[in-house]
Student: 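Handing you a structure now.
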There are 2 protein chains.
Amino acid sequence: MNLSTTTLADQAEGKIIGYIKENHLVPGDSLPNEMQFTEMLGISRNVVREAMSRLRMLGLIQSRTKRGIIVTEPPLLNGFKKVLDPNLLSIKTIKEMMGMRIALEIGIAEFLFRNISDKDITELEKIVSRQQAIGINNLSVEDEMIFHTKIYEVAGNDFILQFNKIMHPVFEFSKRNYESYFKPINERLNKEGVIIGHEDLLLYIKNKDKEGYQKAMQKHLKPYWEFLYNYD
Amino acid sequence: MNLSTTTLADQAEGKIIGYIKENHLVPGDSLPNEMQFTEMLGISRNVVREAMSRLRMLGLIQSRTKRGIIVTEPPLLNGFKKVLDPNLLSIKTIKEMMGMRIALEIGIAEFLFRNISDKDITELEKIVSRQQAIGINNLSVEDEMIFHTKIYEVAGNDFILQFNKIMHPVFEFSKRNYESYFKPINERLNKEGVIIGHEDLLLYIKNKDKEGYQKAMQKHLKPYWEFLYNYD
DNA sequence: TTGTTATATTTGTCCTACAAAAAGGATAAA
DNA sequence: TTTATCCTTTTTGTAGGACAAATATAACAA
């Protein structure tokens, strides 16, 4: 019957989630306690606890002694964060993450240009001038990150911000592990004179030129793009 | 000591993940068995099993009798999927998901226009003509979904595709729960004559006009945008 | 060498027990 | 009556033992 070995804990997990949905429980509401689920599901308390432990990890529930178990609003990316170890990812997945990054970076322009204030621009100028002192070829992945994180912050979507923060190790890993691939790209682009740096992006922002910014961002992320389509 | 009640299972989970990272285990490698972790961590087998159960749920490991436990490449969005019950989300979070959607939809234009084939266009035409028969005001959320899913498929990023599929219930939920909000927007937009349908989007695709497409998509998603910034 | 059987190991499940936390009630003091 | 303190009881967190089922490995037979 069970092709994919589904354990009792798997089933219990599903049943408990089902219970929450069917009863329209919302954050703050309390769940039956472990023994009640043990009886309801006809399984041992151990198994119920395994299932609960999973939901607790995801942030779906919280439990405190005597107080029982309550439903909570889950931090959406809890599980994603734990799973995102670059060492465990296939090239395909890494590429897809890069694609996601490119898409988001271009897509949030809408929000960036809607929200940006003069104060934000001043802060971006500071970041950029600090990085110009370092020189575009010596920028670390962290330097890259600082600029783009600021962009995300201005765009004002915490979820995307958090998402990118979690994805960051993947990009760091890629640049480190595929340096022999990225370096020639950068050099070639440099020769062609089309390397677009943060200072260029900032210029478009200042000019309120959203489409120019999107085009420039596309070029700025060219190395990723090439990795995406030309590696392997 | 423990401000945020961190249980032994939490710690064990962290230690096991740490073990995988420190030993540079990759998918296929095998982990110490339960008893070994029980001894290594000085805790009961029950607790080890709770931690393992969590990792198993995330897809980080698989275990089979006698064969022990092996590391696997995790499906990245396993946890995300389980947690994304619209009933549990705050308005803020729902809005952020919509923002993500808008950004992705505009950002993937890069990939869409790079990959699209004549065959894809024919398929899109079929979808669109079917929907024109229904009429733009009678389109269900599913109809909406069919078109956009096709776009994502052409863009060729499985991760984004999957991501959107998981987010879909949130949009469905929003439209259903905030119908009194969405409807007036649609009517107003209709009066202003600026409702952009799938047939318009398809036109830009046919003309290979990426920027036109992005602008049109921005307008197409206007109701979401207004919800994002004008609701509450 | 190949096929079969037996053994040992390991996960999956169940059970019992107890410590620690804390809600709720009982009791005492104002 | 109200407030403060103590006690009881419930519920989660942790430990440890037991056994079934699966299966890798070794031992044995053809």
Side-chain angles (χ1 to χ4, degrees), chain A residues 1-20 23 25 27-72 74 78, chain B residues 1-20 23 25 27-72 74 78:
Chain A
M1 304 295 129
N2 287 338
L3 298 181
S4 57
T5 54
T6 148
T7 65
L8 286 185
D10 293 330
Q11 297 171 33
E13 179 201 323
K15 297 253 179 78
I16 296 172
I17 290 181
Y19 183 94
I20 294 174
N23 295 80
L25 301 188
D29 292 345
S30 65
L31 251 68
N33 64 37
E34 293 177 357
M35 282 314 291
Q36 286 170 308
F37 270 118
T38 297
E39 287 159 22
M40 283 167 56
L41 305 180
I43 55 181
S44 79
R45 188 178 158 222
N46 259 335
V47 175
V48 172
R49 278 192 63 79
E50 276 193 30
M52 289 291 191
S53 191
R54 296 176 178 189
L55 304 187
R56 209 172 303 123
M57 178 200 61
L58 291 180
L60 263 172
I61 62 172
Q62 281 180 1
S63 46
R64 289 233 312 264
T65 309
K66 174 72 182 181
R67 201 170 168 184
I69 302 163
I70 57 170
V71 178
T72 54
N78 255 12
Chain B
M1 302 293 135
N2 289 338
L3 296 181
S4 58
T5 54
T6 149
T7 66
L8 287 185
D10 294 329
Q11 297 171 34
E13 180 202 324
K15 296 251 179 80
I16 295 172
I17 290 180
Y19 183 94
I20 294 174
N23 295 79
L25 301 188
D29 293 345
S30 64
L31 251 68
N33 64 37
E34 294 177 356
M35 282 314 291
Q36 286 170 309
F37 270 118
T38 297
E39 286 159 21
M40 283 167 57
L41 306 180
I43 56 182
S44 81
R45 187 176 158 224
N46 264 336
V47 175
V48 172
R49 277 193 63 79
E50 275 194 31
M52 289 292 190
S53 190
R54 296 177 177 188
L55 304 187
R56 208 172 306 122
M57 178 202 60
L58 291 179
L60 262 172
I61 62 173
Q62 281 181 0
S63 46
R64 289 231 314 262
T65 310
K66 173 72 182 185
R67 201 171 169 183
I69 302 162
I70 58 170
V71 178
T72 54
N78 256 12

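As the structure is a computational prediction, the values presented were derived from the model and not from experiment. Throughout, protein chains are lettered first and strands after them, A, B, ... in sequence-line order, and every chain is numbered starting at 1.
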Student: Among residues 37-55 of chain A, which residues get a heavy atom nearer than 4.0 Å to DNA chain D?
Tutor: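 Nucleic-acid contacts, sorted: A/R45, A/N46, A/R49.
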
Student: Nearest whole Å is fine: how far is D/dG13 C1' from A/R67 CZ?
Tutor: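 Result: 17 Å.
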
Student: As a test of reading the structure: which of D/dG13, C/dT11, C/dT10 is closest to the side chain of B/E34, going by heavy atoms?
Tutor: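 Per side-chain heavy atoms of B/E34, the pick is C/dT11.
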
Student: Looking at every non-hydrogen atom in both residues, tell me the closest pair between A/T38 and A/I43 and how far apart they are.
Tutor: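 Smallest heavy-atom distance, with atoms named: CG2-O, 2.8 Å.
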
Student: Check whether any side-chain nitrogen or oxygen of A/R64 sits under 4.0 Å from OP1 or OP2 of C/dA21, and answer yes or no.
Tutor: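 Looking at the OP1 and OP2 atoms of C/dA21, neither is under 4.0 Å from any side-chain N or O of A/R64.
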
Student: Strictly below 4.0 Å: does B/S63 bring a side-chain N or O up to OP1 or OP2 of C/dT10?
Tutor: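 Negative; the distance criterion is not met.
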
Student: Between C/dT11, C/dA23, D/dA15, which nucleotide has the shortest distance from any of its atoms to the side chain of B/T65?
Tutor: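 For B/T65, the side-chain atoms sit closest to C/dT11.
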
Student: Rounded off to whole Å, could you give me the CD1-to-C1' distance for the A/I70 and D/dT11 pair?
Tutor: 14 Å

Student: Are the side chain of B/R54 and the backbone of A/S53 linked by a donor-acceptor contact shorter than 3.5 Å?
Tutor: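 A pair under 3.5 Å: yes.
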
Student: What's the CG-P distance between B/L31 and C/dT10, to the nearest Å?
Tutor: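 The distance from CG of B/L31 to P of C/dT10 comes to 14 Å, rounded to the nearest Å.
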
Student: Among all residues two or more places apart in sequence or in another chain, which pass the side chain to side chain contact (heavy atoms under 4.5 Å, CB included) test with A/N33?
Tutor: A/M35, A/Q36

Student: Of the nucleotides D/dA24, C/dT11, D/dG13, which one has an atom closest to the side chain of B/K66?
Tutor: D/dA24

Student: Without decimals, in angstroms, what is the distance between B/L8 CG and D/dT12 P?
Tutor: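 About 17 Å, once rounded to whole Å.
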
Student: If I take atom CD1 from residue A/I20 and atom CG from residue A/L60, how far apart are they, to the nearest 0.5 angstrom?
Tutor: 5.5 Å

Student: For D/dG13, does OP1 or OP2 lie under 4.0 Å from any side-chain N or O of A/R56?
Tutor: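 Checking A/R56 against D/dG13: at least one side-chain N or O falls below 4.0 Å of OP1 or OP2.
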
Student: Round to the nearest Å and state the distance from A/M35 atom CE to C/dA17 atom P.
Tutor: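 After rounding, the gap between these two atoms is 13 Å.
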
Student: Please state how far atom CG in A/N33 lies from atom C1' in C/dA22, giving the value in whole angstrom units.
Tutor: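 It works out to 15 Å between those atoms.
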
Student: If we only count heavy atoms from C-beta on, is the B/F37 to B/R45 side-chain gap below 4.5 Å?
Tutor: no

Student: Quick one: which residue pairs count as a side chain to side chain donor-acceptor pair (under 3.5 Å) with a foot in residues 59-68 of chain B, not counting sequence neighbours?
Tutor: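 Listed by first then second residue: B/R56-B/S63.
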
Student: Does any non-hydrogen side-chain atom of B/I70 lie less than 4.5 Å from one of B/I61?
Tutor: no

